[in-house]
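These notes are about the structure you will find just below.
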Amino acid sequence: MKFFIKTFGCQMNFNDSERIKGILKSLGYEQAQSYEEADLILINTCTIREKPDQKVYSHLGEYRKVKEKNPKALIGVCGCLAQRAGWELVQKAPVIDIMFSSFNMHQLPELIHQAQAGYKAISILENPPEDEDRLWEYPTVRDNHYCAYVTVMKGCDKNCTYCVVPKTRGRQRSRSLESILSEVKSLVEEGVKEIHLLGQNVTAWGQDINMHFSELLYRVAEVDGVERVRFTTGHPKDMDERIAKAMGEIPQVCEHIHLPFQAGSNRILNLMDRGYTREEYLEKVQMLREYKKGITFSADVIVGFPTETEEDFEQTLDLIEKVRFEQLFSFKFSPRPETPAYYMEEQVPDEVKTARMERLLNLQKKILSEISKAYEGTLQEVLIEGEEKGKLVGRTRTNRWVALEGPEELLGKRVLVEVLKAHPYSLDCRLLSVLP
Ligand code: 5AD
Ligand code: SF4
């Protein structure tokens, strides 16, 4: 029996898919090369904006053809759109045999069983079940052998007025320290060097179990064999001095943070209910720069939130110029059903959003080319993660992609390189030495 998983959305979803693959492997399934040869096709969906919603229907249309050749093949849908749309999705696409939410991935074995017996196996839960921690008993199956995601919390307790996540992933639940450390230890034993802690709101880890995210950073870095630590996504509101200090003190924590600001205008930040002002955001950036020398920033930003004026938007541009992000993920505001922003008056017309987005992208392009130029001639530490087009590839501690010539034996090693030439999204480098 073979499975095929198509994943949309964020790293959380990708990590969920890695866990689902682990569940399927434990049931004796093998990974198919293409969906055509699969006995079980799963789509792990995203619903953060309107676009990913639509993609699911076109994929279902394609995948249903598999059933013509192999009537026993099963089609499943899981993830955030499944959670949000539930039965509505099955009504629109009766080809679906299995559906589960982000709360009950661990029930997949039972659901497959039901579907094989000819029933529609649909289980969308309103709330996380008591036994959701059973999920951690399964291993993950990863494509990258040296850098691994580790989910440390689920859900989100913030109430950003544009966002569906609290609805699709529920209240914030921190995974226990023991469970996280045990996964980290077994990953390191498998040869993983870089641990990337994941959560919708990872800097809030511990708040519901009387612990603090900084403690998690120290404990993970203490595990023998952990050479690098990263985390995503940080929330500016929870980003406090304890975390900044830990980042500075722990050598394994890389010089990079993804810290979405979403908007540069205080009026819009307030309407978004983000819980900080632009001044506070900039202060936190400054604090991080002081504690963690050489740190680089990336962020998410939304363009065209309801009521956004030209002045508001200029504040966003101004913030971008002040911080000088290495990478910016920018999104046109997409009204999501059942979120407060969906119902706000004075929605910004699409042409305005598009025009502002273009200006933002042009500014970012200019900043990025200046930042990139400054890399030329510098020395960087790179963890070699894989091979592409005959070259070794990896990332700098500041999260830049690097390509270089070198022998295969360097896979999984940290090396020192000299940057020869900078492209907007990657750096050509020359190998200097292998680091101990
Ligand atoms: N419209 C546009 N962008 C959104 N994001 C979240 N919700 C919306 C929405 N309704 C963006 C935010 C978030 C990223 C994952 O997606 O910038 O940080
Ligand atoms: Fe998409 Fe948000 Fe779900 Fe991630 S958590 S898959 S971004 S809706």
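Atoms within each ligand, like the ligands themselves, are counted from 1 in listed order.
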Can you tell which of Val303, Ile48, Thr233 gets a heavy atom nearest to atom 6 (C) of ligand 1?
Ile48

Would you please name every residue forming a side-chain hydrogen bond (donor to acceptor under 3.5 Å, both in side chains) with Tyr276, sequence neighbours left out?
Arg274

Which ligand 1 atoms are under 4.0 Å away from a heavy-atom of Lys332?
1 (N), 2 (C)

Can you sort out which atoms of ligand 1 are near Arg336, meaning under 4.0 Å from one of its heavy atoms?
10 (N)

Checking Tyr375 against Gln380: is there a side-chain donor and acceptor pair closer than 3.5 Å?
no

How does Tyr162 reach ligand 1, by side chain, by backbone, by both or by neither, if only non-hydrogen atoms under 4.0 Å count?
both

At a 4.0 Å threshold, what atoms of ligand 1 neighbour a non-hydrogen atom of Gln262?
12 (C), 13 (C), 17 (O), 18 (O)

Does a donor on one side chain and an acceptor on the other come within less than 3.5 Å for Glu18 and Asn15?
yes

Quick one: which ligand 1 atoms are inside 4.0 Å of a heavy atom on Ser334?
1 (N), 2 (C), 9 (C), 10 (N)

Determine, step by step, whether Glu381 and Arg228 satisfy the salt bridge (charged side-chain N to carboxylate O under 4.0 Å, His left out) criterion, reporting the C-alpha distance in whole Å, the side-chain angles of both residues, the deciding distance to 0.1 Å, and the verdict.
CA-CA 11 Å; Glu381 178 205 295; Arg228 280 181 168 191; 3.1 Å; yes

Partner of Ser265 under side-chain hydrogen bond (donor to acceptor under 3.5 Å, both in side chains), picked from Thr307, Asp312, Asp318, is Asp312

